[in-house]
Amino acid sequence: MVSFMNRTSTEILASPIEYLKGVGPQRAMILRKELGIDTFRDLLELYPYRHIDKSHTSSISEISTTTEFILVAGFLGSLQILGEGKSKRLVTTLKDPTGTVQMVWFQGISWIEKNLRPGFRYRAYGRIGFYNGEAQMTHPEIEGFEEIKGEVSPLLPIYPSTEKLKLRYLGGRQIAKFTYQLLSQLRERDIPEFIPMEICNKNELISRFQAFQSIHFPTTLRDYHQALFRLKFEELFLNQIRTGMIKTQRQKESRGVIFSQVGPLFNDFYSKVLPFELTGAQKRVFKEIRQDTATGHQMNRLLQGDVGSGKTMVALLTMLLAADNGFQSCLVAPTEILSNQHANNFSEILETLPITVKLLTSSVKSAARRKILEELAIGTVKILVGTHAILEDPVIFKNLGLAIIDEQHRFGVAQRARIWKKSQIPPHILVMTATPIPRTLAMTAYNDLDYSVIDELPPGRQPVRTVQRYEYNRPKVMDFIKAELKKGRQAYVIFPLIEESEKLDYENLMKGYENLKAYFPEPAYYISMVHGRQKQEVRETNMKRFVSGDTQIMVATTVIEVGVHISNATVMVVESAEKFGLSQLHQLRGRVGRGTDQSYCILLTGNKLGAEAKERVKIMCETTDGFRIAEKDMELRGPGDIAGTRQSGLLDFKLSDIVRDRDILQVAVRAARDLLEKDPELDFPVHSGLRQQLMHEKGKTPWSRIS
Ligand code: ADP
Ligand code: MG
């Protein structure tokens, strides 16, 4: 019985749109082409983008230059046809006791002329424009008072339309009529509920059937909002179920080495060596990693945490866990300097423990290199730190169980494959990045990945003080740098890099460098410079001089090392800060504020800024919270533009906006997680509706990979 009913319902909504009364093949063709409406279901899912509240007509005298849309009522004036050819138009007026407004049509003139009756009462809704100082409505929605009497609701839906559609009398009004007709012919069972009762009740969701009625033709605004909530919830909930299932399936199919126990290396380190208490976030993430690596499936985890949040410590703990279980680990960093820094830190902090750390980069030559390769092959080196040199073929591990990739947002498939080849069973992979991904994006587009966040800084950090300074204040900024250098600190000065005019950027950088030299002459001061046109070796040398304190100022483009820890650098000046994106500014600012001294970030900008640039600078001065900044970045640029966003098609929501609807998203996330925890494959009979709904969705189902 149930399956029969479901089949019937599927059939009705799957009917081709031409079968809807009044549509027919010609209009169907246009609806398909212009709005992508193929079936009854598509029409139902063409949601109105607003409703006109017809219970509130305004007086014509209320129209002002700030009026956008307005609904007015009054008597129609005489119809006049003016102009010729393209400027041919029908002009008339609507008059109420308070004033008169012009109305104009450029299209469908003959129909209007035939159907409108001057002297009668009409109601008109439309956008207000001003021509020669006079208010005017172009192509308003207009109707006589007899029509109005038959209305079910004062809230009238407005649908997206195109000029072409309007020409064929398929404007918003007509779409509303079709939708109304379709809805009146559907019954509850045609739009069956698929969200389990328990979840509906808990979240006070109205039924699907009701929701579709009310999103189009609400009786009150409250109805509309309830419908909107229900359908957004549904959309986000389905996304979560879908991606959650894909993730489970991927985890199930993979095979991984097992870190079953915490051993003496970890325990000794944790109780005797670790110089601080882990933050709550570090503990939570490590627990997640513990769980992943104990299952027999391969871990593939992205670990995100702001600069300085202590990702490296989590990495180290995981490597000790691997070693306790007899496995080797490697940590791959993007540059030599960063590799050096990690290797030195690890060697130092692990000094008292029986475990060897080795460094492998392309600078490690012949004899030393050979020795390391040998030790790796027989397994005496348990932790290897290095650059991509680690991935090269001659590097053979005895039993690699864990690979950690530091500061790399994009760790490509090819590189992953190279790591996999280094071991019979692919090692666990942990990719660490400080590039913030907005939470909402992580929860949706990245939900099928294992993903951890360190969203808490170690205690006692002083947030970087950020200020905006205008170009005309440059001398003061220079004096400020001088004062900091006098205290023995170091400073960065960053120049923008805009790809379309590389030559100009380069000239700017050189000019800036010369200017700085004038302010900070040798031998009192020394300046390092790093940019993309330099050879790798030159760049590294210049960087090293700054790291070691030989130079006090580092002039650089954005190529500046990610992740390098120079706690003595307390000033960051960003030149032409308005030209940088938010995420980039945040990344740059992360270079300072790593020690105990108060650090400063000075955003030097032109004297006049556009609205968006102003907004970016403002948020940077307001907060150091990387997630808030990422969220704002997404708000300003849209999710599609965020670096690293996958073009997965997972984000083409019809109703929801993951930034604006983050509250609904959170509820949906929790509901989906709870459900999948109990019934990961949707096998329970109460979930059969949900299962069927997912099967419906073209190309997105979690089952598509199996078949
Ligand atoms: P990230 O790689 O996330 O940018 P790091 O791992 O380099 O950050 O950590 C930054 C600094 O904070 C390091 O000096 C590290 O020793 C220190 N640190 C890490 N975790 C803690 C903690 N829980 N308490 C105090 N200091 C910590
Ligand atoms: Mg780091």
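Index from 1, following the sequence. Start at 1 and go down the list; that is how both ligands and their atoms are numbered. Please read all numbers here as calculations on a predicted model, not as lab measurements. We use all heavy atoms of the structure for the numbers below, so side chains are in, but hydrogens, waters and symmetry mates are not.
Proximity to Asp306 (heavy-atom distance under 4.0 Å) selects the following atoms of ligand 1: 3 (O). Every atom of ligand 1 is numbered from 1 in the order shown, and the set under 4.0 Å from a heavy atom of Leu278 is 23 (N). Near Gln282, the atoms of ligand 1 lying under 4.0 angstrom from a non-hydrogen atom of the residue are 19 (C), 20 (N), 22 (C), 23 (N). Here is the list of ligand 1 atoms found below 4.0 Å of a heavy atom in Gly310: 1 (P), 3 (O), 5 (P), 6 (O), 8 (O), 9 (O), 19 (C). The atoms of ligand 1 that sit less than 4.0 Å from any heavy atom of Val307 are 4 (O). Using a 4.0 Å cut-off to heavy atoms of Glu277, the atoms of ligand 1 that qualify are 22 (C), 23 (N), 24 (N). Atoms of ligand 1 lying under 4.0 Å from at least one heavy atom of Thr312, given by number and element, are 2 (O), 5 (P), 6 (O), 7 (O).
Using a non-hydrogen distance threshold of 4.0 Å, Arg461 registers as a contact of ligand 1. The closest approach between a heavy atom of Met432 and any atom of ligand 1 is not below 4.0 Å. Heavy-atom distances between Ser309 and ligand 1 reach below 4.0 Å in at least one pair. Assignment of Asp406 to the shell around ligand 1 is not supported, since no heavy atom sits closer than 4.0 Å.
For atom 25 (C) of ligand 1, the candidate residues are Pro458, Gly590, Gly280, Pro275; the nearest heavy-atom contact is made by Pro458.
Note: an N/O pair closer than 3.5 Å links Gly308 and ligand 1 by distance alone.
The nearest pair of heavy atoms linking Gly308 to Arg461 is O-NH1, 2.7 Å. Across all their heavy atoms, Leu400 and Ser423 have their closest contact at O-OG, 3.2 Å.
Side-chain contact annotation: His428 with Asp292, donor-acceptor N/O pair under 3.5 Å absent.
Tyr600 and Phe480 have perpendicular rings, their planes meeting at more than 60° on a 0 to 90° scale where under 30° would count as parallel.
Between the CD atom in Gln666 and the CG atom in Leu236 there is a gap of 11.0 Å [rounded to 0.5 Å].
Remark: side-chain polar atoms of Asn399 are paired, donor with acceptor, to backbone N or O of Gly326 under 3.5 angstrom. Proximity of a side-chain donor or acceptor of Gln587 to a complementary backbone N or O of Ala434 within less than 3.5 Å is detected.
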> Would Tyr451 and Lys247 count as a side chain to side chain contact (heavy atoms under 4.5 Å, CB included) if you check the C-alpha gap in whole Å, the side-chain angles of each, and the deciding distance to 0.1 Å?
Replying inline: CA-CA 11 Å; Tyr451 172 79; Lys247 176 170 160 181; over 6 Å; no
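Under 4.0 angstrom from ligand 1, the non-hydrogen atoms of Thr279 come from both its backbone and its side chain.
With respect to Glu277 and Lys283, a salt bridge is recorded, a charged nitrogen being found less than 4.0 Å from a carboxylate O.
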